[in-house]
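First the structure, in the form of C-alpha cells, and then the observations on it.
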Amino acid sequence: MNALAPADWLNILAQFMLLSLLSVGGAISTAPEMHRFVVIQQHWITDTQFSASIAIAQAAPGPNVLFVAVVGWNVGGPLGAFVTMVGILLPSTMLSLWAGRWSAKHRRTRGVRAFINGMAPLTIGLLLATGWVLAEPFLRDSQHRVGALALLALSVLLMMGTKISPMWLVALGALVGALGGV
Amino acid sequence: MPTADENPPRHPATLSDVFFAFNRLALQGFGGVLAVTQRELVERRRWLTREEFLELLSAAQLLPGPNVVNLSLMLGDRFFGLRGALSALAGMLCAPLVIVLLLATAYTQFAEASLVSGMLRGMGAVAAGLIVATALKLVGALTTNPLGRGLAYVLVALTLLAIAGLRWPLPAVLAGLGPLSVGLAWHLLKP
C-alpha cells in the first residue's frame with residue numbers, strides 16, 4: 001500500500017471512468033489496459049498482485065467486476081477500492097440506465113425489434129465462446145484433461161436436467177479439485 | 001410478445017424484494033453470476049421470460065460495463081425506476097464486495113497450497129459447464145425469432161467460430177456480425 005497524493009486519486013478516478021466506457025464485453029476485458037496503468041506505468045502494485053486480484057475475484061461469489069475492487073484495495077486500501085469501483089461503474093451505469101429506458105420506450109418499433117432479435121444469436125454464440133475459452137486451458141493440459149472434462153459435462157447435464165442451484169455444482173467442483181480429482 | 005412459458009412473468013412487491021433477490025443470486029455466483037441469474041430470475045422467481053432475459057442480456061453485453069450488473073440495473077429500473085436500479089446494484093455488489101476484500105487480505109497466506117490450486121481448477125471446470133448450459137437453455141428462445149431457427153443457428157455458430165476459434169476481438173466481431181444479423185432481422189420483420 002502506498003501513500004497517494006490527491007492528484008493520484010483524481011488520476012485513478014479518471015482512468016477507471018475511461019476504462020468503464022471501454023469495457024464492452026465486461027470489466028474483465030479492460031484488464032490489459034488496467035494492468036498497463038497500475039503496474040507498468042505507475043508501479044503501484046506488482047504483476048503477481050494484479051494476477052492474484054483476478055484469481056481471487058473469480059473464486060469468490062459475485063460478479064467478476066469485483067476484481068477491480070481488489071486491485072484498488074491493493075493500490076490504496078479501502079479508499080482505493082471505493083474510488084476504483086465508483087470509476088469503473090459510474091459511466092457504464094448511467095449509460096445502461098439511459099439505454100434501457102430508451103429501448104423500453106421504443107421496443108415496438110421495427111428498428112428496436114430488429115436490433116433485439118438480430119443480436120440474440122450473437123449473444124448465445126458469445127456465451128458458448130466464453131464456455132470454450134474457460135474450458136480450453138484444461139484441454140491443452142493432459143494431466144488435468146479427463147477430470148476437468150468430466151466435471152464440465154456433469155455440470156452441463158445437471159444444469160439442464162435438474163433444478164439444483166449452480167452454487168452446489170461449484171462446491172462439488174471445489175471438493176473434487178481439493179481431493180486431487182482434477 | 002408470445003413466449004414458450006406457461007406462466008406470465010411476476011413482479012417484485014417491494015424494493016427490498018429486488019435487493020434480496022440480487023443479493024441471493026450474487027452470493028450463489030461463484031465463478032460467474034450469469035448462470036445463477038438466469039436460474040433465479042427466469043426459472044425460480046419468473047420475473048422474466050426466457051425471451052426477455054435474452055433481450056436484456058443482449059443489450060447488457062453490447063453496452064460497456066459488467067454484463068450482469070447492466071442487466072440488474074435495467075431490470076431494477078424497469079420495476080421501480082432509479083430506486084429499483086440502485087437496489088438491484090446494491091444487492092448485487094455489497095455482500096460479495098465485503099467477502100472478496102476479506103479473501104484478498106487472507107489470500108497471500110494460502111496462495112501456494114496445492115489444495116487451493118486444485119479447488120480453483122475444479123471450480124473453473126464447473127464454471128465453464130455452467131456457462132455452456134445457460135447458452136443451451138437460451139437456444140430455445142430462438143424458435144420465436146423472426147430470423148428463423150436455421151439462420152439463427154448459423155449466426156450462433158459464426159459468432160462462436162470468430163471468438164473462440166479465430167480469437168478475433170469482441171468489438172470487431174460485434175461490429176462485423178452485428179449489422180449483418182440486425183439487417184437480416186430488419187428485412188425479415190418487413191411490415
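First the proteins, then the strands, lettered A, B, ... as listed; each starts at 1.
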Partner chain B: residue of [options] with the largest heavy-atom pair count (under 4.5 Å):
{"options": "A153(A), G180(A), A129(A)", "answer": "A129(A)"}
{"options": "L122(A), L152(A), I88(A)", "answer": "L122(A)"}
{"options": "T30(A), L21(A), V176(A)", "answer": "L21(A)"}
{"options": "I164(A), L19(A), L158(A), L154(A)", "answer": "I164(A)"}
{"options": "P63(A), S53(A), A135(A)", "answer": "P63(A)"}
{"options": "L97(A), I124(A), N64(A)", "answer": "I124(A)"}

How many angstroms lie between [atom1] in [X] and [atom2] in [Y], if you round to the nearest 0.5 Å?
{"X": "S92(A)", "Y": "N70(B)", "atom1": "OG", "atom2": "CG", "answer": "5.5 Å"}
{"X": "H144(A)", "Y": "R121(B)", "atom1": "NE2", "atom2": "CZ", "answer": "3.5 Å"}
{"X": "F30(B)", "Y": "L169(A)", "atom1": "CZ", "atom2": "CG", "answer": "12.5 Å"}
{"X": "L34(B)", "Y": "T130(A)", "atom1": "CG", "atom2": "OG1", "answer": "8.5 Å"}
{"X": "L126(A)", "Y": "S58(B)", "atom1": "CG", "atom2": "OG", "answer": "9.0 Å"}
{"X": "M119(B)", "Y": "L179(A)", "atom1": "CE", "atom2": "CG", "answer": "10.0 Å"}

Only pairs of heavy atoms separated by less than 4.5 Å count here; which of [options] has the most with chain A?
{"options": "L155(B), L180(B), L73(B), I163(B)", "answer": "L73(B)"}
{"options": "N67(B), T37(B), L151(B), L101(B)", "answer": "L101(B)"}
{"options": "P96(B), A59(B), A35(B)", "answer": "P96(B)"}
{"options": "V173(B), L142(B), L75(B)", "answer": "L142(B)"}
{"options": "P146(B), P169(B), A85(B)", "answer": "P146(B)"}
{"options": "M92(B), M74(B), K190(B), Q61(B)", "answer": "Q61(B)"}

Contacting moiety of [X], where chain B heavy atoms sit under 4.5 Å:
{"X": "L89(A)", "value": "side chain"}
{"X": "V156(A)", "value": "both"}
{"X": "A104(A)", "value": "neither"}
{"X": "S20(A)", "value": "backbone"}

What are the two closest non-hydrogen atoms of [X] and [Y], and how far apart are they?
{"X": "G173(A)", "Y": "V126(B)", "answer": "CA-CG2, 3.7 Å"}
{"X": "A120(A)", "Y": "L54(B)", "answer": "CB-CD2, 3.7 Å"}
{"X": "M167(A)", "Y": "Q28(B)", "answer": "CB-O, 3.7 Å"}
{"X": "A164(B)", "Y": "W132(A)", "answer": "CB-CD1, 3.1 Å"}
{"X": "G131(A)", "Y": "V132(B)", "answer": "CA-CG2, 4.0 Å"}
{"X": "A104(B)", "Y": "V70(A)", "answer": "CB-CG1, 3.7 Å"}

Check this for me: [X], atom [atom1], are more than 12 non-hydrogen atoms of other residues, nucleotides or ligands nearer than 6.0 Å?
{"X": "H106(A)", "atom1": "NE2", "value": "yes"}
{"X": "R145(A)", "atom1": "CZ", "value": "yes"}
{"X": "R149(B)", "atom1": "CZ", "value": "no"}
{"X": "Y153(B)", "atom1": "OH", "value": "yes"}

In one Ile/Leu/Val/Met/Phe/Trp/Tyr side-chain cluster, 4.5 Å: [X], [Y]:
{"X": "L18(A)", "Y": "V39(A)", "result": "no"}
{"X": "L79(A)", "Y": "V100(B)", "result": "yes"}
{"X": "W168(A)", "Y": "L157(A)", "result": "no"}
{"X": "L15(B)", "Y": "F19(B)", "result": "no"}
{"X": "F53(B)", "Y": "F22(B)", "result": "yes"}

Expected output: side-chain [X] to main-chain [Y] donor-acceptor under 3.5 Å:
{"X": "T159(B)", "Y": "G125(A)", "answer": "no"}
{"X": "N145(B)", "Y": "N117(A)", "answer": "yes"}
{"X": "R78(B)", "Y": "G100(A)", "answer": "no"}

Side-chain contact test, heavy atoms from C-beta onward, threshold under 4.5 Å: evaluate it for [X] versus [Y] and give yes or no.
{"X": "I99(B)", "Y": "P61(A)", "result": "yes"}
{"X": "M119(A)", "Y": "S181(B)", "result": "no"}
{"X": "V65(A)", "Y": "L93(B)", "result": "yes"}
{"X": "L22(A)", "Y": "P64(B)", "result": "no"}
{"X": "L127(A)", "Y": "L57(B)", "result": "yes"}
{"X": "F115(A)", "Y": "L62(B)", "result": "yes"}
{"X": "M159(A)", "Y": "L136(B)", "result": "no"}
{"X": "L97(B)", "Y": "L66(A)", "result": "yes"}

Examine whether an atom of [X] lies under 4.5 Å from a heavy atom of chain A, and if so say whether it belongs to the side chain, the backbone or both; otherwise answer neither.
{"X": "L82(B)", "answer": "both"}
{"X": "R44(B)", "answer": "neither"}
{"X": "R39(B)", "answer": "side chain"}
{"X": "V139(B)", "answer": "both"}
{"X": "V68(B)", "answer": "side chain"}
{"X": "P66(B)", "answer": "both"}
{"X": "L177(B)", "answer": "both"}

Exercise for review: Pick out which of V33(B), L25(B), L130(B) makes a side chain to side chain contact (heavy atoms under 4.5 Å, CB included) with P166(A).
Suggested key: L130(B)
Practice item. May I ask you to decide whether E55(B) forms a salt bridge with R113(A), counting only side-chain N to carboxylate O separations under 4.0 Å? Key: no
Point to revise | Audit row: E52(B), R107(A), salt bridge (Lys or Arg N to Asp or Glu O under 4.0 Å) steps and yes/no | key: CA-CA 12 Å; E52(B) 289 170 327; R107(A) 59 172 298 159; 5.1 Å; no
